Asks: 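Submitted below is the structure of interest, expressed as structure tokens.
Being a predicted model, the structure only gives us computed values, none of them experimental. Chain A is the first sequence line, chain B the second, and so forth, proteins listed ahead of strands; every chain is numbered from 1.
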Amino acid sequence: MIYLTLFLTFLKIGAVSFGGGYGMISLIRETVLENAWLSEEDFLNFIAVAESTPGPLAVNMATFIGSSQAGFLGALIATVGVVLPSFIIILIIAALITNLLKYAGVKSVLSGIRPTIVGLILATALTMFVTQIFGFTSVGDELSFDWKSLLIFLVIAAISVLWQVFKKKQFSPILLILISGGLGIVVNVI
Amino acid sequence: MQRAKTCLKLFLVMLKIGLFTFGGGYAMISLLENELITKRGWVENDEFLNMVAIAESTPGPVAINAATYVGYKLAGFWGALAATVAVCIPSFVIIFLISLFFDAFLSLKYVAYAFDGIQVCVIFLILNAGVKMLFKLERTVWNVLVLVAVIACMVTLSVLSITFSSVWYILITAGLALVLYLFTYFRAKGKGKEVKK
């Protein structure tokens, strides 16, 4: 039953997504690829949409996948699923244990998983990079070098890093997405 | 009656915040600060900082966590519910509408070309988010070891196409961190007693 699967899957994502923003990117990617809900390309396309629209990535993702798999009701169920764990946990904390973070044990567990979250994000980005540029996902795949993607990556990275160094500010991700879209058209038309 | 009024106000404020939270939860923090402290004086500054710390360190999107917490503090359970539903509504509606037309949109030739480039950009954005968090990470033995181990395991398993959920990495390191904490806690306690003798 698709509704139950959607609900439970997003409940799980909601319950373990620490680190905000891209913290749950590895888990969402695994989930959508395993269930064949989205291809790797669709997944990347959708992150761009989620990044350029308001709202948390997890909620956007739940709504989008729910809708694509099971219409409006699917979107609603997946969204409720992803929000429910936070809602319950925060309710308990706000009502009962406001000073939860003052316990040393809680603190050391929370700071203990921080490197894991960073590792998950970096490893996911690395895997996606190699797949996109070299067409290599797992042992046995033939390499196919995609110079267009590499070129766009380098231009985007240069803009972002130079902006950070000289302006001391983050370059707007939405603007970066627009530029990369323009570059995508240019390299494909040439 | 008073409570219903507060719930309605909360609902409207959170609806607005949900509509303007581009770029994830951290962008929302400054919006929240402006609405809750500066404009309305609903929350004290200390309480706000405590709330942000809780929202960031518990699972789930920061925006949702913050909305639930503020809602509960101002108007109990119904306040929490009103605030949480409200902060989700804008993204739900927008994404639902997009999901209806997205495939048709992507089948346009130039749009598909543009998204070829955008896919690369998204990989960069994820990498960038990871690198930024990496720079903020303290250079302790634990952090370096865990980071290297997680990346090595994940890349190796992915190359061998073995599925191993990210959930396990989080649960295993959380367990190890707890064991390590208890170990040092009891050892320190034991030593303290010896000194007293």
Asks: Looking at every heavy atom in both B:Thr68 and B:Ala80, which two are closest together, and how far apart are they?
Replies: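 Reported closest heavy-atom pair: O-CB, 3.6 Å.
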Asks: Look at A:Glu40 together with A:Arg29 and state whether they make a salt bridge at an N to O cut-off of under 4.0 Å.
Replies: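 Looking at A:Glu40 and A:Arg29, the cut-off is met.
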Asks: So which of A:Thr79, A:Val82, A:Ile77 actually passes side chain to side chain contact (heavy atoms under 4.5 Å, CB included) with A:Phe7?
Replies: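 Checked A:Thr79, A:Val82, A:Ile77 against A:Phe7; only one passes side chain to side chain contact (heavy atoms under 4.5 Å, CB included): A:Ile77.
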Asks: Would you say the ring centroid of B:Phe124 lies under 6.0 angstrom from that of A:Phe129?
Replies: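 So the answer is no for these two rings.
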Asks: Do you see a donor-acceptor pair shorter than 3.5 Å between the side chains of B:Ser166 and A:Glu30?
Replies: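 A pair is found: one side chain offers a donor N or O, the other an acceptor, under 3.5 Å apart.
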Asks: Under 4.5 Å from any heavy atom of chain A, what part of B:Tyr72 do you find: side chain, backbone, both or neither?
Replies: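 Interface part for B:Tyr72: side chain.
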Asks: Against chain A, label B:Lys132 side chain, backbone, both or neither, depending on which of its atoms sit under 4.5 Å from a heavy atom there.
Replies: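 Contact with chain A involves the side chain of B:Lys132 alone.
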Asks: Under 4.5 Å heavy-atom distance to chain A, tell me which part of B:Phe105 shows up: side chain, backbone, both or neither.
Replies: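 Looking at B:Phe105, nothing touches chain A.
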Asks: Hey, is the main chain of B:Val43 close enough, under 3.5 Å, to the side chain of B:Lys73 for a donor-acceptor pair?
Replies: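 Such a contact is absent between B:Lys73 side chain and B:Val43 backbone.
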Asks: Give, as side chain, backbone, both or neither, the part of B:Val131 having an atom under 4.5 angstrom from any heavy atom of chain A.
Replies: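 Both backbone and side chain.
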Asks: Would you mind telling me which of B:Thr84, B:Val70, B:Leu19 makes a side chain to side chain contact (heavy atoms under 4.5 Å, CB included) with B:Met14?
Replies: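 Between B:Met14 and the candidates, side chain to side chain contact (heavy atoms under 4.5 Å, CB included) is satisfied uniquely by B:Val70.
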Asks: How long is the straight-line distance from CD1 of B:Ile95 back to OG of A:Ser67, given to the nearest 0.5 Å?
Replies: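 CD1 of B:Ile95 is found 10.0 Å from OG of A:Ser67.
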Asks: Quick one: which of B:Ile151, B:Leu127, B:Ile123 has the most heavy-atom pairs under 4.5 Å with chain A, could you say?
Replies: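 Going by pairs under 4.5 Å, I would pick B:Ile123.
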Asks: Among A:Ile113, A:Leu120, A:Val83, A:Leu27, who wins on heavy-atom pairs under 4.5 Å with chain B?
Replies: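 It is A:Leu120.
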Asks: Sort out for me which of B:Ala112, B:Gly18, B:Pro90 touches chain A most, counting heavy-atom pairs under 4.5 Å.
Replies: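 Option with the top pair count is B:Gly18.
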Asks: So which of A:Asn45, A:Val16, A:Leu44 has the largest heavy-atom pair count under 4.5 angstrom toward chain B?
Replies: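 Among the listed options, the one with the most contacts to chain B is A:Asn45.
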Asks: Give the member of B:Gly175, B:Gly76, B:Ser161 that has the highest number of heavy-atom pairs under 4.5 Å with chain A.
Replies: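 Sorted descending by pairs with chain A, the first entry is B:Ser161.
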Asks: Using every non-hydrogen atom in the two residues, find where A:Ser180 and A:Ile152 come nearest and quote the distance to one decimal.
Replies: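 The pair with the smallest heavy-atom distance is CB-CG2, 4.3 Å.
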Asks: Which atoms of B:Tyr185 come close to chain A, meaning under 4.5 Å heavy atom to heavy atom: side chain ones, backbone ones, both, or neither?
Replies: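 Neither; nothing under 4.5 Å.
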Asks: Measure A:Thr127 against the heavy atoms of chain B and call it side chain, backbone, both or neither at under 4.5 Å.
Replies: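 When you check distances to chain B, only side chain atoms of A:Thr127 fall under 4.5 Å.
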Asks: When heavy-atom pairs shorter than 4.5 Å are enumerated against chain A, which of B:Val144, B:Val155, B:Ile170 gives the highest number?
Replies: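 Looking at each option in turn, the highest pair count goes to B:Ile170.
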Asks: Taking A:Gly14, A:Ala125, A:Ser160, A:Pro115 one by one, which has the highest count of heavy-atom pairs under 4.5 Å against chain B?
Replies: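 So the answer, after comparing A:Gly14, A:Ala125, A:Ser160, A:Pro115, is A:Pro115.
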Asks: Among residues at least two apart in sequence or on other chains, which ones pass side-chain contact (heavy atoms from CB on, under 4.5 Å) with B:Ala177?
Replies: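 Applying side-chain contact (heavy atoms from CB on, under 4.5 Å) to B:Ala177 gives B:Trp142.
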Asks: Pick whichever of B:Val150, B:Val159, B:Ile172, B:Thr173 has the most heavy-atom pairs under 4.5 Å with chain A.
Replies: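 Most pairs with chain A among the choices: B:Val159.
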Asks: Check whether B:Ser165 reaches the backbone of B:Trp168 with its side chain - one donor and one acceptor, N or O, closer than 3.5 Å.
Replies: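 A pair under 3.5 Å: no.
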Asks: Could you check which of B:Ile17, B:Leu100, B:Leu81, B:Leu160 has the highest count of heavy-atom pairs closer than 4.5 Å to chain A?
Replies: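 Looking at each of B:Ile17, B:Leu100, B:Leu81, B:Leu160 in turn, B:Leu81 comes out on top.
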Asks: Between A:Thr63 and A:Asn60, does any side-chain donor sit less than 3.5 Å from a side-chain acceptor?
Replies: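 There is no such pair (donor and acceptor under 3.5 Å, judged by atom type) between the side chains of A:Thr63 and A:Asn60.
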Asks: Between the main-chain N or O of A:Gly184 and the side-chain N or O of A:Asn188, is there a donor-acceptor pair closer than 3.5 Å?
Replies: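 Judged by distance alone, yes, a pair lies under 3.5 Å.
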Asks: So for atom CD, which belongs to B:Glu44, do other residues, nucleotides or ligands contribute more than 12 heavy atoms lying within a distance under 6.0 Å?
Replies: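 Check fails, neighbour count at 12 or below.
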Asks: Can we call the ring centroids of A:Phe87 and B:Tyr69 under 6.0 Å apart?
Replies: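 No, ring centres 6.0 Å or more apart.
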Asks: Could you check which of A:Ala62, A:Ser172, A:Gly119 has the highest count of heavy-atom pairs closer than 4.5 Å to chain B?
Replies: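 Option with the top pair count is A:Gly119.
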Asks: Sort out for me which of A:Thr31, A:Val49, A:Leu183, A:Leu126 touches chain B most, counting heavy-atom pairs under 4.5 Å.
Replies: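 Looking at each of A:Thr31, A:Val49, A:Leu183, A:Leu126 in turn, A:Val49 comes out on top.
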Asks: Is the B:Phe164-B:Tyr169 ring centre distance short of 6.0 angstrom?
Replies: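 Between B:Tyr169 and B:Phe164, which both carry aromatic rings, the centre distance is below 6.0 Å.
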Asks: Under 4.5 Å heavy-atom distance to chain A, tell me which part of B:Leu178 shows up: side chain, backbone, both or neither.
Replies: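 For B:Leu178, backbone and side chain are both near chain A.
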Asks: Mind telling me whether A:Phe10 and A:Trp37 have parallel, tilted or perpendicular rings, with 30° and 60° as the class edges?
Replies: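 The rings of A:Trp37 and A:Phe10 lie parallel, inter-plane angle below 30°.
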Asks: What residues of residues 113-120 of chain B sit under 4.5 Å from chain A when you count only heavy atoms?
Replies: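 The residues closer than 4.5 Å to chain A, in numerical order, are B:Tyr113, B:Ala114, B:Phe115, B:Asp116, B:Gly117, B:Ile118, B:Gln119, B:Val120.
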Asks: Could you look at A:Phe72 and say if it's the side chain, the backbone, both or neither that has a heavy atom under 4.5 Å from chain B?
Replies: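 Both parts, backbone and side chain.
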Asks: Can you say whether A:Leu76 sits under 4.5 Å from chain B via the side chain, the backbone, both, or neither, judging by heavy atoms?
Replies: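 Answer is both: backbone and side chain atoms of A:Leu76 are under 4.5 Å from chain B.
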Asks: Taking every heavy-atom pair that is under 4.5 Å apart, which of A:Gly182, A:Ser86, A:Ala123 has the most such pairs with chain B?
Replies: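 Top option by heavy-atom pairs under 4.5 Å: A:Ser86.
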Asks: Measuring heavy-atom distances to chain A, does B:Asn128 have an atom under 4.5 Å in its side chain, in its backbone, in both, or in neither?
Replies: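 Only the side chain of B:Asn128 comes within 4.5 Å of chain A.
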